[in-house]
Protein chains: 2
Amino acid sequence: MLQFHKQTRSPMAASRSRPPPAPPAASPAQALIAAHGRVTRTRVAVLDSLLASHQPLNHDQIAAELAATGEHHDRVTVYRALDWLVEQGIAARIAGSDRAWKFEAVRRGHRHAHFHCDTCGRVLCLEAVEPAIAVALPEGFRLEQAELVLRGACPDCARNGER
Amino acid sequence: MLQFHKQTRSPMAASRSRPPPAPPAASPAQALIAAHGRVTRTRVAVLDSLLASHQPLNHDQIAAELAATGEHHDRVTVYRALDWLVEQGIAARIAGSDRAWKFEAVRRGHRHAHFHCDTCGRVLCLEAVEPAIAVALPEGFRLEQAELVLRGACPDCARNGER
DNA sequence: GGACAAGATGCTACAATGTTGCAATTCCAT
DNA sequence: ATGGAATTGCAACATTGTAGCATCTTGTCC
Ligand SMILES: [Mn+2]
Ligand SMILES: [Mn+2]
Ligand SMILES: [Zn+2]
Ligand SMILES: [Zn+2]
């Protein structure tokens with residue numbers, strides 16, 4: 001089995017290896033973050049998780065992803081990283097039907113509807129569903145965002161337990 | 001001004017008064033509840049609050065209403081009454097942008113969109129807005145409910161603090 | 001490269017919103 | 001009026017998120 005070296009910052013490590021391997025080949029996450037502010041370990045790890053997922057993740061699920069990498073990430077720091085990503089418009093916050101926020105990477109500013117499965121609790125992105133929402137809002141309101149929330153059973157859950 | 005007698009159950013009260021005053025003129029709340037199950041003090045009080053309100057209320061707001069009547073209602077019992085009302089289809093649960101549920105009485109089974117004010121946190125019912133949601137859901141999903149969630153500033157908040 | 005200051009992190013508490021278990025009480029069909 | 005099932009009240013616990021603050025990092029400027 002291959003042996004991996006955890007990338008380490010210990011003073012000895014770099015001294016004998018090959019010449020500086022050029023720009024560290026910034027990951028997409030790193031590039032995105034750098035464009036908006038400081039690049040930190042937890043921000044990168046969190047955004048990596050979001051980018052790798054095809055559905056919105058809650059804090060627990062993200063923590064699980066991070067734990068899988070072996071590195072430790074503080075709970076509070078993860079919350080703060082998520083807040084920051086949302087502030088920067090890099091991620092979006094989605095209200096779940098439990099009372100935990102879910103987060104997803106914003107892809108090319110593309111907004112879409114979400115389907116909340118009452119059975120498994122997952123939130124699925126419906127990139128294809130073009131809602132054609134024709135809202136005629138009364139005078140006085142300032143509309144910031146319109147979101148279509150669908151509830152029911154996802155294909156997986158609908159197939160098992162018919163009904 | 002007319003004088004109302006609080007309906008009392010004290011042993012002395014009924015003994016000398018007029019003959020049994022017929023059915024106690026059940027309030028709308030009492031009637032609704034009786035049609036679905038047991039009529040209890042807290043269920044009636046909670047539903048009264050919801051029926052009296054023109055916008056969805058969270059637990060805190062409901063508790064405040066109840067407190068105003070002078071009667072004490074246990075926190076947990078109120079939660080359970082709300083759960084029950086929702087189960088029975090008498091009330092609806094609405095996810096707020098904070099993480100507290102809001103509740104409203106279901107009127108004639110009428111579903112409508114809601115506007116969440118980011119500034120004052122209120123949720124306003126938009127009974128008039130007919131969303132014309134044309135959802136083309138992919139195969140396999142079982143759709144239970146489609147809800148249109150609007151966010152921004154309500155007329156009050158938009159007027160003050162323009163922008 | 002090294003020093004510096006703003007910004008980010010890691011604790012430990014704390015807050016807000018519900019939920020669970022269980023003994024005591026209430027409701028309502030007989 | 002009675003009895004048994006449904007409901008309540010209370011105290012403890014769970015989940016999800018925030019605040020304060022001392023310490024450590026990051027990016028920048030020399
Ligand atoms: Mn999505
Ligand atoms: Mn409403
Ligand atoms: Zn599902
Ligand atoms: Zn407002």
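Model, not experiment: these values are computed from the prediction.
- Nucleotide dC28(C) holds its C1' atom 15 Å from the CD atom of Q30(B), rounded to whole Å.
- H116(A) and H114(A) form no side-chain donor-acceptor contact under 3.5 Å, judged by distance and modelled atom types alone.
- Distance, H73(B) NE2 to dT7(D) P: 17 Å, rounded to whole Å.
- Distances shorter than 4.0 Å separate some side-chain N or O of T40(B) from OP1 or OP2 on dT8(D).
- In this structure, NE2 on H112(A) lies 10.0 Å from CG on L124(A), to the nearest 0.5 angstrom.
- In the hydrophobic clustering (ILVMFWY side chains linked at under 4.5 Å, chained through shared members), V106(B) stands by itself.
- Scanning residues 50-63 of chain A for heavy-atom distances under 4.0 Å to DNA chain C yields an empty list.
- Scanning atom types as modelled, one donor and one acceptor separated by under 3.5 angstrom connect the side chain of R75(B) and the base of dG18(C).
- Between V149(B) and F115(B) there is no side-chain heavy-atom pair separated by less than 4.5 Å.
- Under the 4.5 Å side-chain heavy-atom criterion for grouping Ile, Leu, Val, Met, Phe, Trp and Tyr, L143(B) is connected to L126(A) within one hydrophobic cluster.
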Check your understanding: Step by step, would you call F141(A) with L150(B) a side-chain contact (heavy atoms from CB on, under 4.5 Å)?
Key -> CA-CA 10 Å; F141(A) 286 91; L150(B) 306 176; over 6 Å; no
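- Taking five base pairs at each end of the helix from dG1(C)-dC30(D) to dT30(C)-dA1(D), the local helix axes there meet at an angle of 40°, rounded to 10°.
- Sorted by first and then second residue, the side-chain hydrogen bond (donor to acceptor under 3.5 Å, both in side chains) pairs involving residues 31-52 of chain B (not counting sequence neighbours) are R41(B)-E71(B), T42(B)-H73(B).
- Interface residues of residues 31-39 of chain A facing DNA chain C, ordered by number: R38(A); criterion, heavy-atom separation under 4.0 Å.
- With a 4.5 Å cut-off between side-chain heavy atoms of Ile, Leu, Val, Met, Phe, Trp and Tyr, the cluster of Y79(B) takes in none.
- Nucleotide dA6(D) holds its P atom 13 Å from the CD atom of E87(B), rounded to whole Å.
- Taking Ile, Leu, Val, Met, Phe, Trp and Tyr as hydrophobic and joining them when side-chain heavy atoms fall under 4.5 Å apart, one finds V78(A) in a cluster with L32(A), I33(A), V39(A), V44(A), V46(A), L47(A), L50(A), L51(A), L57(A), I62(A), L66(A), L82(A), W84(A), L85(A), V86(A), I90(A), W101(A), F103(A).
- Comparing dC27(C), dC10(D), dG17(D) by their nearest atom to the side chain of H72(B) picks out dC10(D).
- Counting to the nearest Å, the P atom of dG10(C) and the OH atom of Y79(A) are 15 Å from each other.
- C154(A) has its side chain within reach of R122(A): a pair of non-hydrogen atoms, C-beta onward, lies under 4.5 Å apart.
- Counting only residues at least two apart or on different chains, no side-chain hydrogen bond (donor to acceptor under 3.5 Å, both in side chains) pair has a member in residues 54-65 of chain B.
- With sequence neighbours left out, the salt bridge (charged side-chain N to carboxylate O under 4.0 Å, His left out) criterion links R151(B) to D118(B).
- If you measure from atom CD of E71(A) to atom P of dG10(C), you get 11 Å, rounded to the nearest angstrom.
- In terms of phosphate contacts, R41(A) brings a side-chain nitrogen or oxygen within less than 4.0 Å of OP1 or OP2 of dG10(C).
- Across the protein-nucleic acid pair, R43(B) atom CZ and dG9(D) atom P stand 12 Å apart, rounded to whole Å.
- One atom, CH2 of W101(B), and another, P of dT16(D), lie 12 Å apart when rounded to the nearest Å.
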Exercise for review: Mark up nucleotides 19-24 of chain D, 5' to 3', with B wherever a protein heavy atom is under 4.0 angstrom from a base atom, S wherever such an atom reaches only the sugar-phosphate, and - elsewhere.
Suggested key: BB----
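- Cluster note: V123(A) groups with no other residue, as no ILVMFWY side-chain heavy atom lies under 4.5 Å from it.
- Rounded to whole Å, atom C1' of dT9(C) lies 15 Å from atom CG of L82(A).
- Here salt bridge (charged side-chain N to carboxylate O under 4.0 Å, His left out) pairs that include residues 83-95 of chain B, with residues two or more places apart or in two chains, are D83(B)-R93(B).
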